[in-house]
Amino acid sequence: MELTFINPGIDYMIPAILAFQNEDESDFWSEPLYRFYPQLDKHHAMALPVEERKAYIESTLRAVYPTLEETINERLTRYRRHWATCKPQITEALSDAFSIDCAEILNDMRAFVTMNPIEPRFPLEHRFDIFYLNSERGAIGEAIHEMIHLVWFQVWNRLFGDSYDEYERPSMKWILSEMVVEPIMADPRLSEINPYYPRENGGCIYPWFFDMKAGGKLILDTMDEMYKSQSIADFMKNSYAYCLTHEQEIREHIRIAEGQR
């Protein structure tokens with residue numbers, strides 16, 4: 001495994017940011033931008049038609065970027081240094097979790113360090129975004145989360161032979177992949193270097209999973225029990241079947257938690 005931290009530049013960042021500012025997007029995804037950038041007047045933005053709103057966001061953030069570029073580049077150096085320290089134990093832990101030699105895969109991973117408080121990932125391209133305000137420990141904690149996704153989908157794809165297009169929001173395969181990060185992250189080799197673990201520190205998964213129930217039982221308890229008692233292949237098959245059985249409950253819980261109507 002190898003991970004390179006990159007400043008992709010403002011021309012990359014703007015479309016990635018605007019992807020979460022569509023008219024039908026819930027506040028869960030669109031709101032953080034206004035919290036981190038007081039230069040944006042939310043009331044003004046929300047009064048604009050969506051395309052004008054996006055143009056306003058873009059022009060404002062393009063003006064902000066030059067004041068942040070040096071900071072972002074400084075973070076790259078800190079992130080790279082901390083990754084080199086943590087790489088051996090992350091590789092070992094993920095190798096054990098997925099029953100493969102992770103030292104032999106994903107040697108082209110890229111983490112784009114951006115202004116975007118939402119951090120999308122692209123499993124087919126072996127890359128993901130990291131918000132520049134993370135400390136070096138926070139960046140590695142976020143990177144572990146994303147690396148779990150990348151390895152998960154490599155193993156999953158070999159098992160199911162499906163399409164990477166099926167791994168994106170809001171598919172059930174995407175939802176499952178977000179759930180399983182917590183039981184995998186519980187490995188001390190990973191949790192001890194992730195400042196967002198355990199939940200009391202903010203959590204390493206979306207908060208709507210913490211109180212989500214399926215069949216009257218907390219879904220994360222079920223996932224943890226399955227992960228600890230099954231091979232990774234059986235866990236993938238059985239956890240997905242479980243999610244499909246309870247899909248209506250799961251989606252309804254997420255809908256309410258995101259504040260969707």
Side-chain angles (χ1 to χ4, degrees), residues 3-22 25-40 42 45 54 57-87 90 109-123 125-150 168-169 174 177-178 181-182 185 190-191 193-209 258:
L3 176 62
T4 303
F5 289 93
I6 298 168
N7 177 354
I10 190 64
D11 288 340
Y12 169 87
M13 297 180 197
I14 291 297
I17 289 168
L18 295 181
F20 296 93
Q21 298 299 321
N22 293 315
E25 201 64 85
S26 71
D27 287 349
F28 181 87
W29 301 101
S30 62
E31 176 69 25
L33 189 68
Y34 297 98
R35 295 203 303 268
F36 286 105
Y37 296 101
Q39 300 90 340
L40 289 169
K42 181 182 177 182
K54 288 184 175 183
I57 292 170
E58 176 172 356
S59 64
T60 302
L61 295 184
R62 282 188 181 276
V64 171
Y65 175 75
T67 70
L68 299 179
E69 186 174 18
E70 184 177 351
T71 298
I72 292 172
N73 290 335
E74 289 173 351
R75 296 292 169 96
L76 298 180
T77 301
R78 291 164 55 184
Y79 296 170
R80 290 165 182 164
R81 188 178 299 127
H82 197 51
W83 160 249
T85 300
C86 299
K87 173 184 169 181
I90 294 173
M109 290 186 294
R110 294 166 295 157
F112 287 178
V113 180
T114 83
M115 296 169 61
N116 193 356
I118 306 300
E119 301 172 325
R121 46 105 175 126
F122 306 90
E125 300 173 27
H126 301 169
R127 68 177 174 89
F128 50 87
D129 290 1
I130 293 287
F131 189 34
Y132 85 99
L133 281 179
N134 275 290
S135 67
E136 56 264 50
R137 292 189 70 242
I140 294 305
E142 298 280 8
I144 296 170
H145 174 116
E146 303 302 342
M147 284 186 276
I148 289 172
H149 286 313
L150 298 188
E168 301 302 331
R169 183 170 70 105
W174 176 84
S177 77
E178 295 293 346
V181 168
E182 186 175 76
M185 191 76 76
L190 302 177
S191 61
I193 56 176
N194 183 355
Y196 302 122
Y197 185 96
R199 298 177 196 177
E200 291 75 14
N201 292 345
C204 62
I205 59 175
Y206 293 119
W208 11 267
F209 290 126
E258 286 190 4

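Because only heavy atoms are used, hydrogens play no part in the values below, and waters and symmetry mates are left out as well, while side chains stay in.
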Does any non-hydrogen side-chain atom of [Y] lie less than 4.5 Å from one of [X]?
X      : Y      : result
Pro120 : Phe20  : yes
Ile72  : Met115 : yes
Tyr132 : Met13  : no
Glu119 : Asn134 : yes
Ser30  : Leu33  : no
Leu150 : Arg127 : no
Glu178 : His145 : yes
Ile193 : Arg137 : no

>> Side chains of Tyr12 and Asp129 only: does a donor on one sit below 3.5 Å from an acceptor on the other?
In response: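 A donor-acceptor contact under 3.5 Å links the two side chains.
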
>> Is it true that Tyr34 and Asp27 share a donor-acceptor pair across their side chains at a distance under 3.5 Å?
In response: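 There is no such pair (donor and acceptor under 3.5 Å, judged by atom type) between the side chains of Asp27 and Tyr34.
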
From [atom1] ([X]) to [atom2] ([Y]), nearest 0.5 Å:
X      : Y      : atom1 : atom2 : answer
Thr4   : Leu76  : OG1   : CG    : 10.5 Å
Ile140 : Leu190 : CD1   : CG    : 11.5 Å
Arg75  : Ile130 : CZ    : CD1   : 12.5 Å
Ile148 : Cys204 : CD1   : SG    : 7.0 Å
Ile6   : Asn73  : CD1   : CG    : 12.0 Å

> Trp174 vs Tyr206 aromatic rings, parallel, tilted or perpendicular, using cut-offs 30° and 60°?
Replying inline: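 Trp174 vs Tyr206 ring planes: tilted.
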
> Under 30°, 30 to 60°, or over 60°: which ring-plane class applies to Phe28 and Trp208, parallel, tilted or perpendicular?
Replying inline: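 Because their plane-to-plane angle lies in the 30° to 60° range, the rings of Phe28 and Trp208 count as tilted.
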
>> Please list all pairs meeting ring pair (Phe, Tyr, Trp, His ring centres under 6.0 Å) that have one or both residues in residues 65-87, counting only residues at least two apart or in different chains.
In response: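 Ring pair (Phe, Tyr, Trp, His ring centres under 6.0 Å) check on residues 65-87 returns Phe5-Tyr79.
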
> Charged N to carboxylate O under 4.0 angstrom, Arg78 versus Glu74?
Replying inline: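 Result for this pair is no, no salt bridge flagged.
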
>> With a 4.0 Å cut-off on N to O distance, would you call Arg80 and Glu136 a salt bridge?
In response: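 No, no charged N to carboxylate O under 4.0 Å.
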
>> With side-chain contact (heavy atoms from CB on, under 4.5 Å) as the criterion, how do Val181 and Tyr197 come out once you've worked through the C-alpha distance, each side chain's angles and the decisive distance to 0.1 Å?
In response: CA-CA 11 Å; Val181 168; Tyr197 185 96; over 6 Å; no

>> Determine whether Arg121 and Glu168 satisfy the following criterion, side-chain contact (heavy atoms from CB on, under 4.5 Å), listing intermediate values before the conclusion.
In response: CA-CA 9 Å; Arg121 46 105 175 126; Glu168 301 302 331; 3.7 Å; yes

> Under the salt bridge (Lys or Arg N to Asp or Glu O under 4.0 Å) rule, what pairs show up with a residue in residues 194-205, not counting sequence neighbours?
Replying inline: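 As it turns out, the salt bridge (Lys or Arg N to Asp or Glu O under 4.0 Å) pairs with a partner in residues 194-205, which skip direct neighbours, are Glu182-Arg199.
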
